[in-house]
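Just so it is clear: chains get the letters A, B, ... in the order the sequence lines come, proteins before strands, and each one is counted from 1.
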Amino acid sequence: MTSGVDKWFKIAVNIKYLDISTVLQIGQSFRWVYNGETNEYISSINLDHDKTFDIVKLKQDDKFMYYTSVNNNNNKQLLHTWVRSYFLLDIDRKQLFEHWKIKDPKHFSNLSHIEPLCSSCCILQQDPWETLLSFICSSNNNISRITKMCHTLTELAGDEIPNCDQLSPLYTFPNSGQIIKVLTESILRENGFGYRAKYIIETAKKIVDLKLKDGMMELSDSQYLKWKISGSPYLEAREFALAFSGVGPKVADCFLLMGMGYHDVVPVDVHVNRIAQRDYKITSGSSNNKKTQIAKLKLEYTKYPTTRRKINFDLDLIRLFFRDLWGAYSGWAQAIFFAKEVGSTSGIVDGSVSKRKLLIKTEDDNSAVTKRIKVK
DNA sequence: TGTAGACCTGCAAGG
DNA sequence: ATGAGCAGGTCTACA
């Protein structure tokens, strides 16, 4: 076990540029536990998408992000690589903003208004398998329950990680094999998963079957997903993702954006839909132009039967509108508008003893980002 | 082929 | 104290 003194490594990141208290709680990742006394975030992390997990801690001040691993020798190089990759630090957010200012001046030109939201402009590059399951849990659901469900999944089917020096034990995120071995739909239902219980079991089964069929049983689920999908055009990747139970267009796009690195994907949910209609005047009516566009998509999607069955063409046009407007990192731009629109709430803190609420103001009053801390 | 309802659960918001 | 309504949707059963 550790001596009680963590050896922290650090990386220069201005908090105005990237604020982990926003990014980790905005509803992208659901398994970071915040410790209000130490101001640290902790989670079990699959550092290289392999089969071993580390306990990772993160914290931040104005100029630096600090990171450490509680077990596995605190491998600096591995951690460093993971942090850069998880937060996608090599992507130049300032350059993205410059691009968006040119492409969408109406909504990005007033940078003083937008600037407070820069800190939330970060799409995390998460573990593919965990991302897929997390977002299956997310459908028609709220962040605090999604968070709870993700933790429950680890407790029910993951492995307890020894010596992690925490008040409550931490577990690995279960792989597909563990899920089908240990869990059933009724167990998940008893544990509050509701109708998503079935989707989780079916999805885990499908991954096991696919790996078997492809002769790739030695790969972890995430390695398999990357092997299967990486490099594919978006439409093919989405077709593959949509074939899973409980995965519709929104969940598939979240998975591809946050788990598979498809940065130009804008997941269209009720909020993005509302933004499109209200701020961009995307009509829900049926103009000739729109009918033409849909007819074109229908033709194109005949090659993709699952997509054809599950897609909503009106919403898909909104995705395409934003992709064409914002470009290669349109998914990141969407994160800014999403944060502005709904703010965020987060889940468990210190073993669910208390709860933290973080709110980003949404009024059109050019106000700065405000945060509210609420402790039960 | 397209479109209403149903669907688990927990929580805020308003009365 | 109580309970309708909703939450970053998806699935199924019908016309």
Exercise for review: List in chain and number order the residues that pass ring-ring contact (aromatic ring centres under 6.0 Å, His included) with A/Trp8, two or more places apart in sequence or in another chain; answer none if no residue qualifies.
Suggested key: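 For A/Trp8 there are no ring-ring contact (aromatic ring centres under 6.0 Å, His included) partners, ignoring immediate neighbours.
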
Report which part of the nucleic acid [X] touches: base, sugar-phosphate, or nothing (heavy-atom distance under 4.0 Å, all strands).
| X | value |
| --- | --- |
| A/Arg308 | sugar-phosphate |
| A/Val247 | sugar-phosphate |
| A/Val268 | nothing |
| A/Gln334 | base |

Spacing of [X] atom [atom1] relative to [N] atom [atom2], expressed in whole Å:
| X | N | atom1 | atom2 | answer |
| --- | --- | --- | --- | --- |
| A/Phe193 | B/dC7 | CZ | P | 20 Å |
| A/Ile146 | B/dG10 | CD1 | C1' | 12 Å |
| A/Lys310 | B/dG2 | NZ | C1' | 17 Å |
| A/Ile294 | B/dT1 | CD1 | C1' | 13 Å |
| A/Asp316 | B/dG2 | CG | C1' | 16 Å |
| A/Ile311 | C/dT10 | CD1 | P | 10 Å |
| A/Leu242 | C/dC11 | CG | P | 9 Å |
| A/Ile201 | C/dT10 | CD1 | C1' | 18 Å |

Given the [atom1] atoms of [N] and [M], what is the spacing between them in whole Å?
| N | M | atom1 | value |
| --- | --- | --- | --- |
| B/dG5 | C/dC6 | P | 15 Å |
| C/dA7 | B/dC7 | C1' | 13 Å |
| C/dC11 | B/dG10 | C1' | 22 Å |

Practice item. For A/Glu40 and A/Lys57, indicate whether the former's side chain and the latter's backbone hold a donor-acceptor pair under 3.5 Å. Key: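 Not confirmed, A/Glu40 side chain does not pair with A/Lys57 backbone.
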
Exercise for review: Determine yes or no for a side-chain-to-main-chain donor-acceptor pair under 3.5 angstrom, with A/Gln60 supplying the side chain and A/Leu18 the backbone.
Suggested key: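 Confirmed, A/Gln60 side chain pairs with A/Leu18 backbone.
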
Practice item. For the pair A/Arg31 and A/Asp127, find out whether any cationic side-chain nitrogen is under 4.0 Å from an anionic carboxylate oxygen. Key: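 Salt bridge between A/Arg31 and A/Asp127, a charged N being under 4.0 Å from a carboxylate O: no.
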
Point to revise | Check ion pair A/Lys206-A/Asp209 (N to O, under 4.0 angstrom) | key: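 Result for this pair is no, no salt bridge flagged.
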
Where the side chain of [X] is defined as all heavy atoms beyond and including C-beta, which of [options] is the nearest nucleotide?
| X | options | result |
| --- | --- | --- |
| A/Phe338 | C/dG8, C/dT12, B/dC8 | C/dG8 |
| A/Cys254 | C/dT10, B/dG10, C/dG8 | C/dG8 |
| A/Tyr199 | B/dC8, C/dT10, B/dC11 | C/dT10 |
| A/Ser144 | C/dA7, C/dT10, B/dC11 | B/dC11 |
| A/Ile143 | C/dG8, B/dG2, C/dG9 | C/dG8 |

[X] side chain near [N] phosphate (N/O to OP1/OP2, under 4.0 Å):
| X | N | value |
| --- | --- | --- |
| A/Lys298 | B/dG2 | yes |
| A/Lys250 | C/dT10 | no |
| A/Arg189 | B/dC8 | yes |

Exercise for review: Toss me the dot-bracket line for DNA chain C: Watson-Crick and G-U wobble, both under 3.5 Å, 5' to 3', using | for pairs to another strand and [ ] for crossers.
Suggested key: ....|||.|||||||

Review point. Taking the six-membered ring for Trp, is the centroid-to-centroid distance between A/Phe322 and A/Tyr280 below 6.0 Å?
Key: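 Centroid separation for A/Phe322 and A/Tyr280: below 6.0 Å.
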
Check your understanding: With respect to A/Trp326, which candidate in A/Trp332, A/Phe337, A/Phe321 satisfies the ring pair (Phe, Tyr, Trp, His ring centres under 6.0 Å) definition?
Key ->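 Of A/Trp332, A/Phe337, A/Phe321, ring pair (Phe, Tyr, Trp, His ring centres under 6.0 Å) with A/Trp326 is met by A/Phe337 alone.
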
Exercise for review: To the nearest 0.5 angstrom, please state how far the CG atom of A/Leu235 sits from the OH atom of A/Tyr304.
Suggested key: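 That separation rounds to 4.5 Å.
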
**Study point:** A/Asn35 side chain to A/Tyr41 side chain, donor-acceptor N/O pair below 3.5 angstrom
**Key:**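 Absent: no donor and acceptor within the cut-off.
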
Practice item. Could you say whether A/Ser138 or A/Gly246 is positioned toward the 5' end of DNA chain C, judged by the nucleotide with the nearest heavy atom to each? Key: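 It is A/Ser138 whose nearest nucleotide is closer to the 5' end.
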
